[in-house]
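Input: a single structure, listed below in structure tokens.
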Protein chains: 2
Amino acid sequence: MLKHADHPDHPDHPDHPDTNRPDNEGTGRRAGLDHADIIEGALALVEAGGPAALTMRKLATELGVSTTTIYWHAGGRDDIVTSVIKLMSQRLAHTPVDGTLAPDRVMSAARHVWESALAHPEVTSLAHQHRSTSLLELDLEIVLARELAAAGLGGESARNALRAILISVGGFLVLALRDESAINDEHTSHALWAGVDDPGIDPSTIESLTHPVDLHALFETTVRAVVDHYVPAQESRS
Amino acid sequence: MLKHADHPDHPDHPDHPDTNRPDNEGTGRRAGLDHADIIEGALALVEAGGPAALTMRKLATELGVSTTTIYWHAGGRDDIVTSVIKLMSQRLAHTPVDGTLAPDRVMSAARHVWESALAHPEVTSLAHQHRSTSLLELDLEIVLARELAAAGLGGESARNALRAILISVGGFLVLALRDESAINDEHTSHALWAGVDDPGIDPSTIESLTHPVDLHALFETTVRAVVDHYVPAQESRS
DNA sequence: ACCTGAACACCGTTCAAGT
DNA sequence: ACCTGAACACCGTTCAAGT
């Protein structure tokens, strides 16, 4: 599938992106383009204009290079997207978890996933479209798993707790990112409820549903409910 | 493929699609194409090949018509997508809610959202891409709201419960639909965990995380936890 | 080893023109 | 009122060819 021959470097995950530029004056190189440069440029495009702005041609002109050069260095759009996500993944700050009780610490880890995604909405959308959110979040997932382990969960019960929590966070992210790009949306849920008239629902409730929710507050109580359901309340080590 | 006729304007929202057929033999018409025919054809394309298969040109050749005819009758791709979602929305069966206790009935309504989405994964994906899931689900949302009202919730507390439940269901749907089209995905969460080695997590837990979850079982317990957190446990009126 | 231009097979959308 | 072909401005990707 990937057929840009034998390229010596071209690493799968650039562990620390090379920012130093080895000077290649006098060699056959013309543009002196690096894999890392391309991914950085791609990331810039995404952060500036969303996933749709990441175009082979835009990226090429941005870098002052022809489209096909991109293919040689970094593969097709799919490969580039994967690399962008990996790059962002390692840039996600590993803020330490806080709290002393196990559920507090697990909640804190879950909040890290939520907040780091909100800090980079465009890349998160890109990852979501590319079906590789967990590639973006893996390090945060590991932090969460550690807290679950410290809380005394293991094996299947740890797995179920982890997945349930991440799925809940994911649900909130979908909505948060949808509202982010809400210039056009006239069929959001609260907009649609404005046209509802149902005898089984009292008017004050319908009125309430007409307004958007405070997502952050709802996140706290809902994800907390999920955490409390899966994580026993005794104290945690560490 | 039914040939309908005389659709004077192309309405923005066909509230109930005209199925009656005024005959127009002898007019200048060639194809006798109807708005409803187009939307039906679009729906067929989506269900057969997913959201990406819904293409103006494919739809046109499918209907034996030129691309521009589609525009005349039904507008651009965006309008067609909206119409497809509205069509599917009214086709979603209103299975009656069961259970006698309030949380059971609310849970049953939530399950309807989940199951009717799973029954039409491609259209659900389309709605999700188009950021109009709630357009697809509105009737099911109303059913859920009725049960919350019957459970004694109103105003903001009803709204919070409704949103929290729908967000949780949405999180599960994202994952379920992602796994649906999992021919390529080598960076799903459980695939990525195969490469993790962390001293803070015991090996049996990591091993567990290597395998996919039983989403249906996890749905039941997790959404139930959310429902129980928001819905008081006293009995509900019918 | 690195980079290019041209070309292919697609998109959505518009518009002058036909009947 | 209805339908068409041609054209525009985009896509991702491939490939022979240059240095």
Side-chain angles (χ1 to χ4, degrees), chain A residues 1-10 21-38 42 45-46 49-84 126 129-130 184, chain B residues 3-11 22-38 42 45-46 49-84 126 129-130 184:
Chain A
M1 204 101 14
L2 289 182
K3 58 161 309 185
H4 43 77
D6 49 354
H7 189 55
D9 40 34
H10 191 291
R21 176 96 49 100
D23 56 337
N24 290 45
E25 267 62 52
T27 73
R29 280 164 149 284
R30 284 157 208 147
L33 240 214
D34 205 347
H35 182 269
D37 296 329
I38 294 176
L45 279 179
V46 171
L54 175 48
T55 278
M56 293 294 120
R57 296 177 214 249
K58 275 182 194 153
L59 184 52
T61 55
E62 169 101 344
L63 296 169
V65 124
S66 96
T67 318
T68 38
T69 302
I70 310 271
Y71 280 83
W72 198 91
H73 280 291
R77 202 191 111 106
D78 227 58
D79 307 280
I80 290 176
V81 168
T82 302
S83 296
V84 167
L126 181 73
Q129 282 180 19
H130 199 245
N184 53 356
Chain B
K3 311 278 185 128
H4 291 207
D6 195 319
H7 201 69
D9 41 11
H10 40 113
D23 57 334
N24 286 48
E25 266 61 52
T27 72
R29 281 170 146 286
R30 286 157 205 146
L33 240 214
D34 203 346
H35 182 269
D37 296 329
I38 294 176
L45 279 180
V46 171
L54 175 50
T55 278
M56 292 294 120
R57 297 178 212 249
K58 274 182 195 154
L59 183 52
T61 54
E62 170 101 342
L63 296 168
V65 127
S66 97
T67 319
T68 38
T69 303
I70 310 272
Y71 280 83
W72 198 92
H73 281 289
R77 202 192 111 106
D78 227 57
D79 307 279
I80 290 176
V81 168
T82 302
S83 297
V84 166
L126 181 73
Q129 282 179 18
H130 200 245
N184 53 356

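To find a chain, count down the sequence lines: A is the first, B the second, and so on, and within it residues start at 1.
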Expected list for residues 53-61 of chain B near DNA chain C, using heavy atoms below 4.0 Å, is L54(B), T55(B), M56(B), R57(B), K58(B)

Between T67(B) and A52(A), whichever has its closest DNA chain D nucleotide further toward 5' is T67(B)

L33(A) atom CG is separated from dC3(C) atom P, nearest whole Å, by 6 Å

**Item:** dC15(D) and dC3(C), which share atom name C1', separated by this distance in whole Å
**Value:** 13 Å

In whole angstroms, the gap separating P of dC2(D) from CD1 of I38(B) amounts to 12 Å

According to a strict under-4.0 Å criterion, is H73(B) in side-chain N/O contact with OP1 or OP2 of dC3(D)? yes

Between A42(B) and I80(B) the two heavy atoms that sit nearest each other are CB-CG2, 3.7 Å

note: W72(B), atom CH2; dG18(C), atom C1'; distance rounded to Å ~ 15 Å

TODO: Report yes if at least one side-chain N or O of S66(A) is closer than 4.0 Å to OP1 or OP2 of dT4(C); otherwise report no.
DONE: yes

Please tabulate, one pair per line, all N/O donor-acceptor pairs under 3.5 Å involving side-chain atoms of residues 51-63 of chain A, not counting sequence neighbours.
| from | atom 1 | to | atom 2 | distance (Å) |
| --- | --- | --- | --- | --- |
| T61(A) | OG1 | R57(A) | O | 3.2 |
| T61(A) | OG1 | K58(A) | O | 3.0 |

Separation of dC2(D) atom C1' from I70(B) atom CD1, nearest Å, is 13 Å

Here the distance between atom P of dA7(C) and atom OH of Y71(A), to the nearest Å, is 18 Å

Query raised in the report: Would you call I70(A) and R77(A) a side-chain contact if the rule is heavy atoms closer than 4.5 Å?
Result: no

From CZ of R77(B) across to P of dT13(C) the rounded distance in Å is 8 Å

Can you find a side chain N or O atom of T68(A) that sits less than 4.0 Å from OP1 or OP2 on dC15(D)? no

Across all chains, not counting sequence neighbours, the side-chain contact (heavy atoms from CB on, under 4.5 Å) partners of T68(A) are S66(A)

Dot-bracket assigned to DNA chain D with the 3.5 Å Watson-Crick/G-U criterion, [ ] for crossing and | for other-strand pairs, is ||.|||||...|||||.||

Here the distance between atom C1' of dC2(D) and atom NE2 of H35(B), to the nearest Å, is 16 Å

